[in-house]
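Worksheet: the structure to be examined is printed underneath.
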Amino acid sequence: MVTIPNRRVAVALALVFAALAVVPLVGETYALKVATRMIVFAIFAMSLDLLLGYTGLVSFGHAAFFGLSAYSLQLVSPESEAANLITALPQCLGVTAAAAALIGMLVVRTAGIYFIMSTLALAQMFFFFFHDSPIAGGSDGAYIWYKPVLTIGATALLDLDGRETLYYFALACLVLCYGFLVVVLRSPFGEVIQGIRVNEHRMRALGYDTRRFKLVSFVLSALMAGLAGFLFACIDGFVAPQLLGWRESGIGLVMVILGGMGTLYGSIIGAFAFIGMEEIVRDRQFTGVMAEHWQILMGVFVIVVVLFLKNGLAGLFAEPPIRRPATKEEP
């Protein structure tokens, strides 16, 4: 069943969102950029947690949808003016959903290691397509010269070229995605996909078309990853084939495992902790000469969390189990 946030988690989430709301007021330009990346990858990690933590599908090619949406924004953006957010965002998500539906119809027929390898193989096909073809700059990547603008008529209501505007837009997307997933996972559909994770054969015996449910979960997850990719492309206005690579998918998996699978809020914690720790260990002020070998420090951090925390960082917010007094058995 979906993890229902307890009072401690609800308070922590409220404090985190309140703190994020004031970051543009107190943070510098670089801090605002890092915070925006944290929010974007939190959305990406939540999308992957829907597959991994709730549906039981381990995808090693989830970054394909992240990068595909980012590239779609570059392709639909004119070189001389900003694209309209009203049309650009649906177009990017539509391309992502179409690709996810086609890929999903193939991969949901597999299970276990075969599902992992098939998602990885198909994602690498997208990677090499953009890497080896002249579309959007090939291996060099391409720039998005003008960020999307929300315009109605001749009035510009929202310009994502502004860092603060983009930040608050991304934060709003994070809150909406979290609320949407909570509603979905508490619905009958959410109960079915969680039942598939526990015992797919039993759910099939009960009459559920498990492939269809897994396909819908796969597409929903890809749509959220596409939203994250769209926002990521707006941060620097640059896209490159690496966005579709297996490394980005692996980072997403690490974030989910680091935060705690099957919790949703754990994905947010994992994304913030991973990017925050990466910024710390790469700073010479904190790690000195070890900053040149920051990957080692990141590896130690991840290993320590996995070994000593039962369900990742989310386990720190879990309420301790209630111990019932032992009762003596009657003779």
Side-chain angles (χ1 to χ4, degrees), residues 1-17 19-20 34-35 37-60 62-63 112-113 116 174 178 181-182 185 194 197-198 221 246-326:
M1 299 297 293
V2 60
T3 301
I4 300 176
N6 54 47
R7 183 178 301 177
R8 187 184 305 177
V9 172
V11 171
L13 284 175
L15 292 175
V16 167
F17 289 136
L20 290 174
V34 172
R37 289 184 64 244
M38 288 178 174
I39 292 173
V40 169
F41 276 97
I43 297 174
F44 180 62
M46 277 198 303
S47 72
L48 191 53
D49 194 24
L50 176 62
L51 279 183
L52 179 62
Y54 291 97
T55 317
L57 300 176
V58 182
S59 173
F60 217 76
H62 208 58
I113 188 64
I116 298 173
L174 173 63
Y178 182 83
L181 285 181
V182 169
L185 292 171
Q194 293 173 77
R197 177 182 61 83
V198 176
S221 176
W246 61 268
R247 181 180 179 275
E248 295 297 325
S249 298
I251 289 176
L253 287 171
V254 171
M255 289 177 177
V256 174
I257 297 172
L258 189 64
M261 293 186 298
T263 57
L264 287 186
Y265 61 87
S267 301
I268 300 176
I269 296 172
F272 277 62
F274 185 90
I275 296 178
M277 183 59 66
E278 183 179 351
E279 290 295 323
I280 292 174
V281 299
R282 295 175 68 175
D283 193 336
R284 284 183 173 272
Q285 294 182 356
F286 294 100
T287 57
V289 295
M290 286 299 296
E292 298 180 1
H293 309 285
W294 61 271
Q295 295 93 336
I296 297 177
L297 299 177
M298 283 296 297
V300 171
F301 170 67
V302 173
I303 292 172
V304 169
V305 171
V306 172
L307 288 180
F308 295 100
L309 294 179
K310 183 178 180 180
N311 192 28
L313 295 172
L316 297 174
F317 300 92
E319 293 183 348
I322 300 175
R323 295 186 177 182
R324 301 180 182 275

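Reckoned from all heavy atoms, side chains included, excluding hydrogens, waters and symmetry mates. Start at 1 with the first residue, then count along the sequence.
Counting only residues at least two apart or on different chains, no side chain to side chain donor-acceptor pair (under 3.5 Å) pair has a member in residues 296-308. Sorted by first and then second residue, the salt bridge (charged side-chain N to carboxylate O under 4.0 Å, His left out) pairs involving residues 297-313 (not counting sequence neighbours) form an empty list. The salt bridge (charged side-chain N to carboxylate O under 4.0 Å, His left out) analysis of residues 248-271, with sequence neighbours excluded, yields no pairs. Evaluation of the salt bridge (charged side-chain N to carboxylate O under 4.0 Å, His left out) test over residues 249-270, restricted to residues two or more places apart or in two chains, returns none.
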- request: Check the pair Met290, His293 against side-chain contact (heavy atoms from CB on, under 4.5 Å), reporting the backbone distance first and the verdict last.
  value: CA-CA 5 Å; Met290 286 299 296; His293 309 285; 4.3 Å; yes

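Between Met46 and Leu174 the shortest side-chain heavy-atom distance falls below 4.5 Å. Between Phe301 and Leu258, the closest side-chain pair of non-hydrogen atoms falls below 4.5 Å.
Partners of Ser59 by side-chain hydrogen bond (donor to acceptor under 3.5 Å, both in side chains), not counting sequence neighbours: none found. Looking at residues two or more places apart in sequence or on another chain, you find a side chain to side chain contact (heavy atoms under 4.5 Å, CB included) between Val306 and Ile257, Val302. In this structure, Ser249 has no side-chain hydrogen bond (donor to acceptor under 3.5 Å, both in side chains) partners at least two apart in sequence or on a different chain. Among residues two or more places apart in sequence or in another chain, the salt bridge (charged side-chain N to carboxylate O under 4.0 Å, His left out) test is passed with Arg247 by none. Under the side chain to side chain contact (heavy atoms under 4.5 Å, CB included) criterion, Ile113 pairs with Ile116, Met117, sequence neighbours left out. For Glu279, the side chain to side chain contact (heavy atoms under 4.5 Å, CB included) partners at least two apart in sequence or on another chain are Tyr30, Val34, Arg37. Residues satisfying the side chain to side chain contact (heavy atoms under 4.5 Å, CB included) criterion with Ala291, sequence neighbours excluded, are Arg284, Thr287.
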For residues 267-274, tabulate all N or O donor-acceptor pairs below 3.5 Å that involve a side-chain atom, not counting sequence neighbours.
| unit_1 | atom_1 | unit_2 | atom_2 | d |
| --- | --- | --- | --- | --- |
| Ser267 | OG | Asp49 | OD2 | 3.3 |

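In this structure, Arg197 CZ and Leu51 CG are separated by 13.0 Å, a value rounded to the nearest 0.5 Å. Distance check, rounded to the nearest 0.5 Å: CD of Gln295 to CD of Glu278 gives 8.5 Å. Note that the CD1 atom of Ile275 and the CE atom of Met255 stand 4.0 Å from one another [nearest 0.5 Å]. Here the CG atom belonging to Leu48 is positioned 10.5 Å from the CG atom belonging to Leu57, to the nearest 0.5 angstrom.
Using bins of under 30°, 30° to 60° and over 60° for the plane-to-plane angle, the ring pair Tyr178/Phe17 lands in the perpendicular bin.
In terms of modelled atom types and a separation under 3.5 Å, the side chain of Tyr54 and the main chain of Thr263 share a donor-acceptor contact.
Across Val281, Asp283, Ile280, a single residue satisfies side-chain contact (heavy atoms from CB on, under 4.5 Å) together with Trp294, and that is Val281.
Heavy atoms only, all atoms of each residue included: Ala314 and Gly260 are closest at CB-CA, 4.4 Å.
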